[in-house]
Amino acid sequence: MTTDNNLAIVDWEAHNPPTDLIFDDGEPLESNRHRIAMNVLIRSLQQLWSDRNDYFTGGNMFIYYSSSQIRHRDFRGPDFFAVLNVDGSNPRQGWVVWEENGRYPDVIVELMSRSTAGIDKGIKKDLYEQTFHTSDYFVYDPFDANSLQGWHLDHEQQYQPLTPNENGWLWCRRLGLWLGTWEGTVDRETAIWARFYDVAGNLVLLPEEAAQLEAENAQLQAQEAQVQAQEAQAQAQEAQAKAARLAARLLELGENPDIL
């Protein structure tokens with residue numbers, strides 16, 4: 001999304017909001033890897049919360065929040081954001097604050113590049129802290145595995161840097177998840193991606209990863225069932241063989257096994 005370094009922060013005048021908003025500036029993401037990285041975060045959270053409808057997550061979508069922003073065409077489109085306790089079923093072209101009861105994103109992740117790092121950790125960070133009051137803000141460059149940083153809004157509405165755990169992950173309080181890195185192949189591109197992890201340290205899976213895991217578990221269960229069936233058959237055969245040996249022994253002793 002395009003950016004304007006001369007950012008003027010003005011609250012939206014609640015009366016007479018505009019209806020002719022632009023939701024696409026025609027600017028592509030920095031790279032294909034940035035596009036994949038954005039979708040990894042969005043789709044994995046949707047997979048994790050597939051049974052929930054009380055949140056919205058999106059990326060590279062405009063967030064409209066003030067009249068000054070509209071006048072200056074100061075488009076703001078975080079690469080990933082999540083808003084909790086909202087109706088997730090509503091169709092949205094973008095996030096329009098005055099149509100969302102004044103709600104701003106609870107969590108934002110910006111996927112940096114060398115050309116945007118200064119803005120992402122400067123102007124945007126100030127905006128998300130001072131105007132959006134976004135609880136958790138993270139930045140990551142998909143081409144730099146050591147670039148992950150994050151901040152949490154304290155009681156004085158100021159960002160405090162997050163301290164990574166022993167794995168280098170950062171805790172996202174609003175989502176109740178870790179944000180860390182993971183090396184692997186997604187959409188035929190191998191890289192070190194920003195990924196969510198649950199409290200126990202398990203990777204939050206993409207839909208295709210969850211489907212593959214489910215298929216592998218089903219195959220494993222089928223194999224275990226087959227082994228159990230073979231063991232049961234072997235036990236039955238052994239019991240039959242034992243009964244036959246007993247009957248033969250009784251015949252040798254002159255006993256009629258049928259009356260036993």
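Values below: every heavy atom of this structure, side chains too, minus hydrogens, waters and symmetry copies. This structure is a prediction, so every number in the text was calculated from the model and none was measured. When a residue number appears, it is its place in the shown sequence, counting from 1.
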Answer yes when [X] and [Y] have at least one side-chain N-carboxylate O distance shorter than 4.0 Å, and no when they do not.
X	Y	value
Arg195	Glu209	yes
Arg43	Glu208	yes
Arg92	Glu99	no

(message) Under the rule for salt bridge (charged side-chain N to carboxylate O under 4.0 Å, His left out), what residues qualify as partners of Glu231, not counting sequence neighbours?
(response) none

(message) Taking atom CZ as the centre, does Arg188 end up with more than 12 heavy-atom neighbours from other residues, nucleotides or ligands that are less than 6.0 angstrom away?
(response) no

(request) Please say whether more than 12 non-hydrogen atoms of neighbouring residues, nucleotides or ligands are located less than 6.0 Å from CG in Asn101. (result) no

Residues in side-chain contact (heavy atoms from CB on, under 4.5 Å) with [X], at least two apart?
X	answer
Glu166	none
Ser115	Glu30, Ser113
Arg173	Asp136, His152, Trp171
Asn202	Asp198, Ala200

Sub-4.5 Å side-chain heavy-atom contact between [X] and [Y]:
X	Y	value
Thr116	Asp141	no
Val139	Val109	no
Asn167	Trp178	no
Gln46	Tyr55	yes
Phe81	Phe56	yes

(message) Tell me every residue that passes ring-ring contact (aromatic ring centres under 6.0 Å, His included) with Phe138, counting only those two or more places apart in sequence or in another chain.
(response) none

(request) Please name the residue in the list Tyr197, Phe196, Tyr140, Trp182 that meets the ring-ring contact (aromatic ring centres under 6.0 Å, His included) test with Trp169. (result) Tyr197

(request) Treating Ile, Leu, Val, Met, Phe, Trp and Tyr as nodes and any side-chain heavy-atom pair under 4.5 angstrom as an edge, say whether Phe143 and Leu111 lie in one connected cluster. (result) no

